[in-house]
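What follows is a short report on a single structure.
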Protein chains: 2
Amino acid sequence: MFGSTGSVGANALDVLGEHKKDFRVQGLCTCRNVGKLAQQVSRFKPQSVCVVDETKVTRLRGMIPNTVRIFSGRSGLLEFAAQNADIAFMAISGIACLEPLLVSLQFSRCVALANKESLVVAGKLVRRQAKLHNTLLLPVDSEINALFQLLKTVKKDEINRVHITASGGALYACTPAQLRKVKAKQVLAHPTWRMGRRITVDSATLVNKGFEVIETHEFFDIDYDRINIIVHRESLMHAAIELNDGTFFSCFYEPDMRIPIEYAFCYPRRNGKIRKKGIFNGKKVQNCTFGPVDFKKFPLLKLVLAAAKKGDNALTVLNASDEVAVDSFLKERIAFTDLYPILEYVYTHSPHRKISTLDEVIYWDTWARNKTKEYIEKKCC
Amino acid sequence: MFGSTGSVGANALDVLGEHKKDFRVQGLCTCRNVGKLAQQVSRFKPQSVCVVDETKVTRLRGMIPNTVRIFSGRSGLLEFAAQNADIAFMAISGIACLEPLLVSLQFSRCVALANKESLVVAGKLVRRQAKLHNTLLLPVDSEINALFQLLKTVKKDEINRVHITASGGALYACTPAQLRKVKAKQVLAHPTWRMGRRITVDSATLVNKGFEVIETHEFFDIDYDRINIIVHRESLMHAAIELNDGTFFSCFYEPDMRIPIEYAFCYPRRNGKIRKKGIFNGKKVQNCTFGPVDFKKFPLLKLVLAAAKKGDNALTVLNASDEVAVDSFLKERIAFTDLYPILEYVYTHSPHRKISTLDEVIYWDTWARNKTKEYIEKKCC
C-alpha cells in the first residue's frame, strides 16, 4: 500500500478492515506522516513499512515493533516496491508515484492505480511496463473505475462514445468577478467529494477532469474525440458508454471512494462489505442534472485537452506547472484567476520534445516547475 | 409480424425499413385495419398476411396482389403463427396475443414479445412453452428490454435488486379532486411515450407498471421483493440493477420504442441504424428526477402487486377487469376514480383457483369480463 496515510490510502485501509479474512496487508508506505503510519501498523500488522522522508525514520522506529522492517528514502521506496505482492495499491499523489509504480508493475501480480499523474505524464511508459510484465492494471479513480466496469459489459465495436462526469467543483456557479476574489478555503469546500488539497483545486478548474480524459484515453485506448465530459453536479453517475443504437449504459454509486477501491481489491469478483445507503433508495426525490461543459468558463480544461492531443512533453509540463501554481494559490500567493495565465505562459513557452524514458519525464517536470516558479516570482510577488 | 398495424407494429416495420438488407418480412397480421395492412404489404412484400376479423377479408383481397396468401379468423391466425420463422414479432395487444404466441414459440427460432398481457396472465405457460421448444424469448417493452440488456452484464449473484422506472403517466401531479373530474383526453396525453389507448390509461393508474413488475418476475425469475419501482418523470432511464457493492448500472435511451425493437431484431448483435438524438447530448442541461412510488396515490398498482404475489387466476381476473373498466372509462361511461373500486370489487369477489392451461386462462378472463360489465351496469349507469 503506497501512500497509506493520504485520503485515498486511509479509505483503502478502511475497506481492508472490512475484508480482514480475504486480505493481508504486506506493507505500508508514507511520505512523512509517521504518527498515522504507526497507528496503521498497529492495526494491520504489516511485515514492512516505508517512510520516504529519511528524517522521520528515527521517530518511527520508536513507535512500531522491532520486527517490522523499515525502508526509507527514495531508494528505499523502490526497494519496498520491488517486493512481490498480489496487489500493489498506488495512492501516492503527484508525479512521485511514477517511479515506484513502474517498479511495482514489475513485481506485483496486479496494480490498483489511484494516482492520476503517472498516466497523465507517462501513460505510454506505464502501459508498456504493464504489458511487458503481464501485470493487471486496475483504475481506482471513480470515473475511470466506472468506465472500466462499463466497458467490460459490451463489445468494443458497439461503442460510439464514452462519457465521464464532472461535478464542476466548488466554484461552478461563481461569476468571473467572484472568481477573482475567491479564497483557498472556498475552493477546498468541494460539494460532493472529500479529497486531497491539490485535486480539490484541480476539480474547481476542471484540470482534474482533463486529467481523467487523458486517463481514459491511456487506460482504454479510446480516441480523444470519442471521450465526452458531462457536467453532473450531484456526482452520482460517474461514467457512461453510448452504444451504436442510442442505448446509454451508465454507472452510478455514492460519491464514496471506498466503493471503487473495494471493487479494485475484489476484482474480478464483486464482494460488497462496505455498508452504503445506495442510489435512489431514499424517500425523497433525488434530482440529477446532466449538461455540457462550458469551455469558456474553464479555459484550463481546454488547455489540458490541447496538451493531451499534442502529446509528448506537453502534459508533463502542464502537470508540473499546475502543481506549482496550485501550491502558490493554496499559500495565497496568487489569485485563483492567475492559474490560467500562469499555466498558459509556461505551456506556450515550453519547447516541444518527444518523451520516451523516465529521465525525460523528470527533466521536463523539473523544467516546468522552475519555469513556473520563476514566472510567479516575477509577475505575482 | 403480429399486430403490424398497431403502434408498436408500425414502429417495428419502421425499424425493418432501415434494415432492408438484413431482414425480409415474411408475414403481416392485423386484427381489422386492412387499409393500413395493404400499404404495409405494398412496401414490405410479405408472402402471407392474416386478418383476424373475417368480415374484412373481401376488402383486403382487392387491395393486395393475388400472390399474397391470406389467412383469416381465429383459426387462420393460429395457422399463420404455425409458419416457421427466424423471428416472430408479437405486438398484438391484450390477451388475444396469448394463443398465437404459444404457437409461435413452437415454430419460430426466436420470439420478440411486445405484448404484456400474455406474461401477466400466463407467464408460467409461456415460459414452459419457450423452454420446451428451445425458443429464445426477447422482451421489447422498454423497461424489460433495458433490464434484459443490463442483466447480461453481470453475474446473478452480484445483484441485490433490480429497478424499473415509471414516468407516472399523465395525471401524476393531479390532486384527488382533479382526478375525479379527469377526462379520457387528458389521460391519453402521456408526457413522454406515444402508445395505444389502454396502455396509456394503464400508465396513469400505474397498472401498467404493475404488469411490468410481473413481466420482470416472469422473464428473469426474480423474486417480487427484489423488484423496485423508481418514479422517473422524464422516461430516459428505463431500468437499473443494484449490485452487492452499492454500484448501480442503468440503461437510458430516448423514449422511442424503435430503440428496444431494433435491439430485439438485431440481437445478439447491436446494429443501430435508426437516427437518434442521443442521451445528454444537447446543449441544454437535462434534469432527471428519481423518487419512490406513492402507493396511496396509486391503489391500483398496490392491487396488481397483491394479485401478482397471490398468483394463479388473480392476475387473469384483474387484467380482464382492467381492460373492460378502462374501455368504459374511454367511452366516458365511468369516471377515472371509478377504476379502483370496480377492479377491487371484482378482485375480492373472484374465487381463488389454480391456472395451468390455456382453457383455464380463457375461462377466468371471460368470468372477470362478465363480472366487471355486470358491476358497471349496476353501479355506474
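Any value given below was found using the heavy atoms of this structure, including those in side chains, with hydrogens, waters and symmetry copies removed. Lettering of chains follows the sequences in order, A, B, ..., and the numbering in each one begins at 1.
Between A/F248 and B/E254 there is no side-chain heavy-atom pair separated by less than 4.5 Å. Within the 4.5 Å cutoff, the side chain of B/V285 has no heavy atoms near those of the A/F290 side chain. A/T247 is listed as a side-chain neighbour of B/C251, based on a closest heavy-atom distance under 4.5 Å. When side chains are defined from C-beta on, A/F249 does not count as touching B/S250, because their heavy atoms never get closer than 4.5 Å.
Closest non-hydrogen pair, B/P292 versus A/K283, comes out as CG-O, 3.2 Å.
For the atom pair CG of A/D245 and CZ of B/F265, the computed distance is 14.0 Å after rounding to the nearest 0.5 Å. Once rounded to the nearest 0.5 Å, the distance linking CE of B/M237 with SG of A/C288 reads 7.5 Å.
Heavy atoms from other residues, nucleotides or ligands lying under 6.0 Å from NZ of A/K297 number more than 12. The 12-atom threshold is not exceeded at CZ of A/R269, counting heavy atoms of other residues, nucleotides or ligands nearer than 6.0 Å.
Per-residue counts of heavy-atom pairs under 4.5 Å with chain B were compared for A/L150, A/L236, A/D256, A/N281; the largest is that of A/N281. Of the listed residues A/R270, A/E242, A/K273, A/K277, the one with more heavy-atom pairs under 4.5 angstrom with chain B than any other is A/R270.
Looking at A/I279, both its backbone and its side chain come within 4.5 Å of chain B, counting heavy atoms on both sides. Only the side chain of B/K155 comes within less than 4.5 Å of a heavy atom in chain A; its backbone stays farther off. Neither the backbone nor the side chain of A/N160 has a heavy atom closer than 4.5 Å to any heavy atom of chain B. Looking at A/E262, only its side chain comes within 4.5 Å of chain B, counting heavy atoms on both sides. If you measure heavy-atom distances from A/H232 to chain B, you find no contacts under 4.5 Å at all.
A donor-acceptor contact closer than 3.5 angstrom links the side chains of A/N287 and B/N287.
Remark: A/R161 is not positioned above the aromatic ring of B/F280, lacking an NZ or CZ atom under 6.0 angstrom from the ring centre and at most 45 degrees off the axis.
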